[in-house]
Amino acid sequence: MITQTNPIFSCYEYNDGLYDEVFNAQGETKELYETLFKLYCGHSIEDYMQLNNKAKSSFFNQGITFQVYGEKETKEKIFPFDLFPRIIGAKEWDHIESGALQRSRALNLFLWDIYHDKKILKDGIVPMDLIGSSANYLQAMIGVDPPGGIYNHVSGTDIIKHSDGEYYVLEDNIRCPSGVSYVVCNRTALKRALFGVFNHYRAHTVTNYAENLLEILQSVKPKGIDFPTCVVITPGMYNSAYYEHSYLAKAMGVELVEGRDLYVENDFVYMKTISGPQKVDVIYRRVDDLFMDPLEFRADSTLGVPGIFAAYRKGNVCLANAPGTGVADDKAVYTYMPQIIKYYLDEEPILNNVHTYHCSRPEELKYVLEHISELVVKPVDESGGYGISIGNKLTKEQIAEVREKIKKEPRKYIAQPIMSLSVHPTYIDESQSFEQRHVDLRTFTLLGDKKDFVLKGGLSRVALQKGNLVVNSSQGGGSKDTWVLKDN
Amino acid sequence: MLARVANNLYWMGRYIERSEHVARYMHVNYFSSLDAPNELSQDRQFVLRSMKFMVGDPANDPDEILDEIEVLHDLGLNSEKGFSIINNVKSTRENANSARDLISTELYEAINKFYHFVLNYDQDLYVKRGLYDFCVNITEMTTILRGKIRATLLHDEVYAIIMMGMNLERATQIIRIINAKYNDALLARNGYDQDVGKSFEWITLLKCAESYDMMRRFYKKSPSSLSTLEFLILNGSCPRSVMNSLDQVSKHIHVLEKSKNPSKDSAAFFIEKVRAELKFKHIEEIEGNIRDFIETKLNDLVLIADKLEKEFFNY
């Protein structure tokens, strides 16, 4: 254990077993962070506390808050933000960017295939029953051609750095991945608090996301439309990601609508404006697909628009992301990603997959049941970090419980070796010092008709509790500004 | 612009304006009564009753003794009372939330600060010592909101709708305040000053509308019932007058109403009609019959709001 001598990092404990992004095994600062480290050491911890509080109240006053479900009184919380940024070098970023793009393309081709010819299933690359048994496979999407041939217009790829220093993909999110507004807010907040540090690095901007999203949405317009009217649809202001929905609508300069603002007539979609109905062509959807159309999916949904799916099937409106994408970000499909990439693109996967055990396969199920304490067990169809159990954190009774759960529904679970997420110095309020905390990275990839875009930056999420590996905001995670450096 | 969102913005404007008038009415009345020239005007019960009357929650039983702390709490921070300032501010923010993509970050941030200020105000402090501080902060913050609305929003339909909401509410509140103070002046007649026309309550009325100084400048003499009513109702250059508010509403409705000759059932037509009626009134006509005037004007304003809703917000 090496202890740093600088005041601001005076309490920083270095653990041998963890991959530290900023310091090497000898406790020296890595080249990428040298300048930053020196600049930060120029501040006292008191300066830091003050800046930290300022940043907090700035988030609060701007109303950049989220609400957590399941609590009695849904309270507004600030998404905790850390003032020590994460830096990714140009070369390293190229690797991540090309890998994320590769995955999104492959997933798009995969989705087209399983809703049309099902070649990959017929060729036995991905088992038929994996798709057949998936709750997220939408029968209604079979044979539907989405405008521009795009299903996953927006993908969020969750990536970690393991203790071997290599990047691994933890999961692909291609339903309604959120978090991009926080990328922009984090940058704004860091610029306000510590503008001086930006002079010493050449970091890519992150504010160009919205303009690229708008171009992507416009590129998948229905046939025969020159200037499409795009909108963002939100479940409403009580949704936990409402801030993001309103930010994206504002930044793109398009209307933010709710289901009740839209209606369908003769298979065309209209919004109700102060000067009468206006036709809508492209909808960036932040409502889950099963809630989009009560006539087609969940009849009890009040968030959707009756008849919108019929309009979509006729090609009169584009939904982004397409309904039914959830089948491909299923954690069981994830395990076939290397084969899926090879099959459609004839390329080797650029980013690693974490080795995964399928509980649906008898011999792998046997291994999992015997090694629960060394594995992370995840339900295949949940998001937001719910239902995950991390083996080495469980008591004997809990292990027995997990075992029973898996036995009951083996198809519902996968297991992976416990990956050690890299750590990053993070300011901790309670101890008023910097400590090692685990981080991951969510990248944002956009796919359109003959256009794609990967945001140079991303959301570095931090698990704020010591030793915790789950970084989701609903589980008490925070985030860091993430700089992708320009090539020198 | 979505009809639902337009409706929310319209109400945001109304709630901002309403919070301000309630806050000012409270503190102006409370503090001016402390050294009022006659016993009745100085009486706590009299002031509390006037406050309740103004927000539309009159104490009907003349023998009931009102509890000061309770009344102040109800009007300011009791979220169970629809008319309370805290509820107006909550509604302001709720309406702003749903239109967050259309308004500027600066305006939203100011609304949010406003909201947190009221929500976190110490209830105990407020009823014991904080009345002045609380009310003055409310009126100042609404002024900031008005500034952000004017200076950071695009002057398009969004702006027009907020401004219509604000000005309709202003006209309504000014008439309500006139009504309340007229009522007070009649009651106070039995006390020190016999002449309603020269009552101390007219000065309070002008202060409630933040128009006392300018009224003095305009008339260069002490306010009487005639000059006060004339100033607050008919003087188009007084920014708080009913006339001025209607002028504003008329200006902004034309951003939404594209036709030069709006149909006789339209909101635009009716607004012009009400405005024209007021424009060619003289104060003597009103003063003799103030009760009727108040009733007709409030009805007209309700009718304007109905027509706006039917024409633009009906989703």
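Computed from a predicted model, the values in this text were never measured in an experiment. Just so it is clear: chains get the letters A, B, ... in the order the sequence lines come, proteins before strands, and each one is counted from 1.
At least one donor-acceptor pair closer than 3.5 Å links the side chain of B/D101 to the backbone N or O of A/L256.
In the displayed structure, B/K307 atom NZ is contacted under 6.0 Å by more than 12 heavy atoms of other residues, nucleotides or ligands. Dense packing is recorded around CG of B/N299, with more than 12 heavy atoms of other residues, nucleotides or ligands lying under 6.0 Å away. No more than 12 heavy-atom neighbours from other residues, nucleotides or ligands sit within 6.0 angstrom of OH on B/Y132. B/N261 CG: 12 or fewer foreign heavy atoms inside a 6.0 Å radius. Within 6.0 Å of atom CD in A/E215, more than 12 heavy atoms from other residues, nucleotides or ligands are found, so the atom counts as buried in its surroundings. Enclosure of atom NZ in B/K264 is not indicated, since only 12 or fewer non-hydrogen atoms of other residues, nucleotides or ligands lie within 6.0 angstrom.
In terms of heavy-atom pairs under 4.5 angstrom with chain A, the leader among B/L256, B/I111, B/I103, B/L2 is B/L2. Per-residue heavy-atom pair counts under 4.5 Å with chain B were compared for A/H245, A/M271, A/M252, A/E258, and the maximum is reached by A/E258.
Smallest separation of non-hydrogen atoms from B/L102 and A/E255: CD2-OE1, 4.1 Å. Closest of all the heavy-atom pairs between A/Y243 and B/R100 is CD1-NH2, 3.0 Å. Contact between B/S98 and A/M237 at its shortest, heavy atoms only, is N-SD, 3.8 Å.
Only the backbone of B/A99 comes within less than 4.5 Å of a heavy atom of chain A; no side-chain atom from C-beta onward does. At a 4.5 Å heavy-atom cutoff, the contact between A/V257 and chain B is made by backbone and side-chain atoms alike. Heavy-atom distances place no part of A/Y263 under 4.5 Å from chain B, backbone and side chain included.
For a heavy-atom cut-off of 4.5 Å, chain A lies close to B/E157, B/I161 in residues 142-167 of chain B. Within residues 273-284 of chain A, the residues having any heavy atom under 4.5 Å from a heavy atom of chain B are, by residue number, A/T273, A/I274.
Inter-residue side-chain proximity for A/K250 and B/T105 is flagged as met; some heavy-atom pair is nearer than 4.5 Å.
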